Amino acid sequence: MLALPQRPVRGQLSPALGAEQGAPTVRWRVVEGKSARVITPEALLPEARRVAAIIDRVAARDTLSLRTKAPRIDVVLRHQLAESNGFVTLAPRRSEFFLQPPQQEGLLGSGDWLTLLAVHEYRHVKQFSAARSGFTGALSAVLGEPAWLTLSMWSVPTWYYEGDATVTETALTSSGRGRLPMFDADFRAQLLELPIPSYNTMMSGSFAQSWPNQYVHGYHLINAGRQRFGPDVWDRALHASARRSFRPLSLSLGLRRAAGLSANALHDQTLRALQDSVRALAAATTPTPANPVSGIPESWTRDDTPQWETDSSMVSVRYGLVDRPQLVRHRDGRVTRLRLMGPATGAPLSVGGRSAAWVESRPDPRYALRSYNVIMLHDLATGKATQVGDTTRYTSVTLSPDGSRLATLEQHPDSGMALVILGRTGDIQRRERVPAGDQLIAPRFTRDGRALLLVRTRRGEGRRVERCTVESGACQPLSPWATNGLGAPSGNDTLVVAFLPVNGRDQIVAWRAATNRWYQVTERPVGAIDPVLSPDGRQLAFTDHTASGRRVVTMAVNPGNWREISVTPPDLPRVALLARQEGGSLRPDTIGPDLSLKERAYSRFAGWWNPVGVSLELPPLGPDLAATLQSRNVLGTLGVDAGGRYNTQEQAYGAQLGITYAARLPILRAWADQRTRRDDYPQAVTSTGPQKGGEWSWQERSIGAGVDIPLDFTRSAYSTQLNIGAHIEERRVSESTLPAWFGPDAGSVRPITFEVRAHRTMQWIRDIIPERGQAFEVVARQTPFGGTFEGTQWYGRVMQFIPGLSANHGLRFDAGIDWQSLRERADAQRPYRFATALPFARGYDAVPAPRLTRLSAEYVAPLWYPDWTLPRGVQVRRIRTTLFADATTAANRSFVGVTPLRAHSGSARPA
């Protein structure tokens with residue numbers, strides 16, 4: 001058949017289900033709350049009842065600043081994912097909680113992890129419901145959740161969603177992030193020395209400076225708006241913006257209508273006031289002297305959780321705009337990279353016995369919603385690294401001073417926690433279950449190795465620092481229960497150092513056994529965190545917040561200069577105001593499980609037909625004008641897509657149906673497609689003489705089925721993924737108007753396709769293309785099952801990435817071939833030309849051909865990071881250049897008994 005390239009229907013529907021499922025062994029139950037239907041693993045039923053009760057209370061209480069009442073939502077508790085996160089989304093409408101509590105300070109505070117998730121994520125539920133009004137509500141009533149989601153994100157910036165939810169968690173709980181100085185300390189350090197960034201720079205991000213994320217930026221804007229214009233100002237602004245949600249970022253217009261100023265103006269005023277406050281406080285501060293252990297990097301860089309290697313050298317985790325996460329050594333004012341690190345979890349680094357230890361994440365090869373945490377050990381003398389654990393969920397690690405033992409926290413499938421003592425080879429020496437309602441954070445061995453210093457949070461009580469004997473497990477409190485942010489304790493039996501919010505800034509504090517009291521050690525302009533004593537006890541190292549990132553500094557240990565301090569400081573006035581605006585703190589961490597809620601089994605096939613709406617495909621993104629009705633079940637294991645399309649190039653109609661089942665190892669797909677096709681045929685010379693060219697049409701009907709296996713083998717700084725697929729299809733051609741002199745043009749083609757795609761690449765923030773790595777894809781198609789047409793295709797492409805001449809420069813080599821057997825013989829089946837994915841030489845019109853080869857080289861380099869704000873919200877973050885050379889060869893196709901006067905698709909020519 002002489003036809004344009006044709007993709008199977010599975011590639012034209014809405015995004016197919018991928019690897020975003022949990023393992024199929026989970027037995028799910030449902031707890032029917034009034035405001036949330038909690039879908040939970042069986043082992044988590046008590047926690048599910050508690051989550052449902054918290055959401056019911058929050059839904060009834062959280063009404064002063066956002067009056068919308070949200071319909072009941074599905075909440076999925078994911079206990080197999082070794083990650084601390086949660087989200088709310090649409091299509092299908094649901095929320096998912098990842099149950100592993102964080103180990104990094106500055107996120108959890110003194111609260112309970114599930115409680116914070118319930119408060120924060122349910123605020124997103126209400127935000128989306130409030131946004132479904134005006135134009136958004138009208139269009140989503142017709143097209144469903146895809147339009148609802150698209151317009152909500154189109155008209156409202158992410159800083160509103162995350163900032164408003166962070167304000168809510170701060171107001172309704174005793175430990176939200178707005179109460180923790182670490183939350184915005186990096187931003188305050190930048191404002192102390194740098195000019196205020198523009199609103200567009202904060203919205204778009206920057207390659208020149210690492211400005212804070214949408215949580216920090218949004219928190220300050222939402223907080224300022226509520227303080228100046230009342231708690232309901234954002235409710236009014238959101239509803240006003242929804243009426244004009246066809247305009248990009250119309251929240252700014254809604255704010256102008258509600259408060260008389262734009263989001264840009266609020267940004268400028270808020271950050272100017274914050275900068276004045278930060279600079280005034282710094283001017284009134286006499287900083288404690290401290291000595292940096294290394295120079296200031298050229299770009300924004302942070303050093304996290306420093307640890308002493310010897311009395312004269314330190315080790316830390318470093319990353320920034322240029323540096324990907326890596327283990328580095330600080331010695332004699334120089335920084336040396338020891339090792340690139342794999343997927344990080346945020347757990348602190350530990351050093352002991354000439355070894356460094358940290359925790360890395362490991363994905364399940366098939367199921368993206370199941371992952372693990374392992375411990376990495378790096379020998380600081382030899383550079384050799386070993387892994388402790390495999391399918392484990394270790395969330396934190398500390399090495400004993402001699403390096404012979406490790407203490408770690410282990411996350412249990414029922415969301416509980418255990419303190420585990422391991423040997424260096426991973427042998428378990430002792431495991432102690434943490435009481436329900438308690439969470440431990442970042443244990444550290446004392447200098448003699450006989451005890452652990454840690455933070456314990458207790459539901460309804462807060463947090464405190466404890467010293468726990470390793471052998472007996474008995475724990476002695478060193479501070480009272482409080483909602484104070486006291487964290488990161490380390491030291492010995494006589495002296496323990498930690499950090500504590502003091503007058504709105506984190507400062508280093510110390511507990512002395514001689515007096516059983518706490519003392520303030522530092523007074524830094526912005527804040528000081530992560531203290532650690534040197535092996536000889538004479539020096540103290542900590543992390544200092546600066547405009548260029550977090551720097552490791554040291555100071556002498558001199559208790560005579562310390563002053564006694566209370567570790568239960570009063571609440572900040574700005575936080576107290578937020579709580580009053582919501583009617584006072586809710587204390588949701590004291591809410592227990594609601595035993596009256598109904599419970600039932602959940603079938604993995606439940607909601608198999610769950611239409612979420614219609615997705616649209618419009619030119620100029622492609623040649624098709626299409627509408628597809630989507631159905632997705634909540635667990636992401638079953639999808640149905642049905643729709644129609646009009647091809648604007650061929651002026652032809654079509655319809656399709658696709659079904660995907662993704663619960664098991666292979667993802668199963670099936671599809672059916674019917675469409676009209678049109679094409680031009682060339683003028684030609686036949687045995688009867690010259691013939692004119694013209695247009696012909698035909699009908700194509702196809703059915704197909706296949707399997708895909710997406711695999712993730714990431715184990716290091718390289719992202720390593722492999723996708724394997726096999727598909728079979730029958731495509732029938734009928735009602736063709738192709739003139740008879742080209743031969744018969746009706747019948748069927750039955751291709752079977754095998755696909756393998758893989759990449760192993762390393763890429764970081766400023767990299768334009770991967771810095772290092774390889775990628776390849778291979779596709780083989782045959783027609784062994786008969787049919788009117790026959791075809792063979794062998795397609796392969798390989799890419800190699802290597803570093804360029806300077807940082808963030810990159811060189812890519814690209815080679816590919818597409819070979820198809822299109823030899824026409826009078827005594828054989830007509831050949832069929834398949835589509836090719838091989839890119840043509842840039843600057844030339846693509847020529848469909850049976851044989852294509854391509855060689856390409858490309859050098860990319862950043863030239864400048866200007867951060868220009870242009871009219872109409874255009875932001876120029878980076879100016880880059882690309883040098884390339886392409887070479888493509890194409891072989892022509894011939895027809896039996898026909899001499900074309902011109903090639904069907906035209907010869908290659910500059911575009």
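From a predicted model like this one, the values you see are computed outputs, not experimental measurements. Numbering starts at 1 and runs along the sequence shown.
- Taking the six-membered ring where the residue is Trp, Trp28 and His79 present perpendicular rings, their angle passing 60° and hence far from 30°.
- Between the Glu599 side chain and the Arg29 main chain, no donor and acceptor come within less than 3.5 Å of each other.
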Before giving the answer on side chain to side chain contact (heavy atoms under 4.5 Å, CB included), spell out for Arg94 and Phe87 the whole-Å C-alpha distance, their side-chain angles and the decisive distance to 0.1 Å.
CA-CA 8 Å; Arg94 71 192 188 282; Phe87 65 84; 4.0 Å; yes
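- The CD1 atom of Ile54 lies 3.5 Å from the OG1 atom of Thr115; values are rounded to the nearest 0.5 Å.
- In this structure, Asp186 does not pair ionically with Arg188, as no charged nitrogen and carboxylate oxygen lie closer than 4.0 Å.
- Between Ser350 and Leu399 there is a side-chain heavy-atom pair separated by less than 4.5 Å.
- Between the Thr446 side chain and the Leu452 main chain, no donor and acceptor come within less than 3.5 Å of each other.
- Side-chain atoms of Trp358 and Glu360, non-hydrogen and from C-beta on, do get closer than 4.5 Å to each other.
- With contacts defined as side-chain heavy-atom distances shorter than 4.5 Å, the pair Val526/Arg505 does not qualify.
- A donor and an acceptor atom, one from each side chain of Arg366 and Gln21, are located under 3.5 Å apart.
- Closest approach of Leu340 and Ala717 over heavy atoms only: CB-CB, 4.2 Å.
- In this structure, Asp712 contributes its side chain and Gln721 its backbone to no donor-acceptor pair below 3.5 Å.
- Checking side-chain atoms of Thr398 against main-chain N and O of Phe445 turns up a donor-acceptor pair under 3.5 Å.
- Distance alone, capped at 3.5 Å, places no donor-acceptor pair between the Arg444 side chain and the Pro489 backbone.
- The backbone N or O of Gly320 lies less than 3.5 Å from no partner atom in the side chain of Asp323, so there is not a single donor-acceptor pair.
- The shortest heavy-atom contact between Thr457 and Ile441 is CG2-CD1, 3.8 Å.
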Steps toward side chain to side chain contact (heavy atoms under 4.5 Å, CB included) verdict (Val497, Phe542):
CA-CA 10 Å; Val497 291; Phe542 59 89; over 6 Å; no
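- Distance check, rounded to the nearest 0.5 Å: CD1 of Ile375 to OG1 of Thr395 gives 9.0 Å.
- To the nearest 0.5 Å, atoms CZ (Arg57) and CD1 (Ile591) are separated by 4.0 Å.
- Legend: residues meeting salt bridge (Lys or Arg N to Asp or Glu O under 4.0 Å) with Asp506, ordered by chain and number and at least two apart, are absent.
- Remark: the Thr40 side chain and the Arg49 side chain contain no N/O donor-acceptor pair separated by less than 3.5 Å.
- In this structure the side chain of His378 reaches within 4.5 angstrom of the side chain of Leu327, judged on heavy atoms.
- Contact check on Glu83 versus Arg78 returns no salt bridge, with no Lys/Arg side-chain nitrogen under 4.0 Å from an Asp/Glu carboxylate oxygen.
- Ser175 contributes a side-chain N or O that, together with a main-chain N or O of Gly111, makes up a donor-acceptor pair within less than 3.5 Å.
- A distance of 6.0 Å separates CG in Leu369 from CZ in Phe98, rounded to the nearest 0.5 Å.
- Checking each of Asp530, Asp304, Asp544, Asp303 against Arg550 for a salt bridge (charged side-chain N to carboxylate O under 4.0 Å, His left out) leaves exactly one that passes, namely Asp304.
- For the atom pair CZ (Phe128) and OH (Tyr161), the distance works out to 5.0 Å, reported to the nearest 0.5 Å.
- With 3.5 Å as the limit, one finds a donor-acceptor pair spanning the side chains of Arg123 and Ser65.
- The shortest non-hydrogen separation linking Ala91 to Glu145 is N-OE1, 2.6 Å.
- Side-chain polar atoms of Arg424 and Ser355 form a donor-acceptor pair below 3.5 angstrom.
- Remark: the backbone N or O of Arg456 is not paired with any side-chain donor or acceptor of Glu466 at under 3.5 angstrom.
- Among all heavy-atom pairs drawn from Ala36 and Val75, the shortest one is CB-CG2, 3.9 Å.
- In this view, Arg433 and His412, Asp414 satisfy the side-chain hydrogen bond (donor to acceptor under 3.5 Å, both in side chains) rule, not counting sequence neighbours.
- Checked by atom type, the side-chain pair Gln214/His217 shows no donor-acceptor distance below 3.5 Å.
- Between the side chain of Arg179 and the main chain of Gly485, no donor-acceptor pair closer than 3.5 Å is present.
- When the options Val359, Asn373, Ile428, Val420 are evaluated for a side chain to side chain contact (heavy atoms under 4.5 Å, CB included) with Thr408, the one that passes is Val420.
- For the atom pair OG of Ser716 and CZ of Arg362, the computed distance is 7.5 Å after rounding to the nearest 0.5 Å.
- Within the 4.5 Å cutoff, no side-chain heavy atoms of Val465 are placed close to those of Val567.
- Aromatic pair Tyr219/Phe183: centroids less than 6.0 angstrom apart.
- Taking 4.5 Å as the limit, every side-chain heavy atom of Ser110 sits out of range of all side-chain heavy atoms of Arg464.
- Under the salt bridge (Lys or Arg N to Asp or Glu O under 4.0 Å) criterion, Arg93 pairs with no residue, sequence neighbours left out.
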From CA spacing to verdict: side chain to side chain contact (heavy atoms under 4.5 Å, CB included), Val532, Gln307
CA-CA 7 Å; Val532 58; Gln307 296 286 290; 4.1 Å; yes
Could you check Tyr394 against Leu422 for side chain to side chain contact (heavy atoms under 4.5 Å, CB included), going step by step and ending with a plain yes or no?
CA-CA 11 Å; Tyr394 297 141; Leu422 303 172; 3.9 Å; yes
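- By the 4.5 Å heavy-atom criterion applied to side chains, Leu486 and Val509 are counted as neighbours.
- Relative orientation of the Trp211 and Phe187 rings is perpendicular, given thresholds of 30° and 60° on the angle between their planes.
- Put simply, the side chain of Arg551 gets close to the backbone of Thr301: a donor and an acceptor are under 3.5 Å apart.
- The shortest side-chain heavy-atom distance between Ile529 and Glu105 does not fall under the 4.5 Å cut-off.
- Nearest heavy-atom pair, Leu409 versus Leu440, reported as atom, atom and distance to 0.1 Å: CD1-O, 3.2 Å.
- Of all non-hydrogen atoms in Ser371 and Pro363, the two that sit nearest each other are CB-CA, 4.1 Å.
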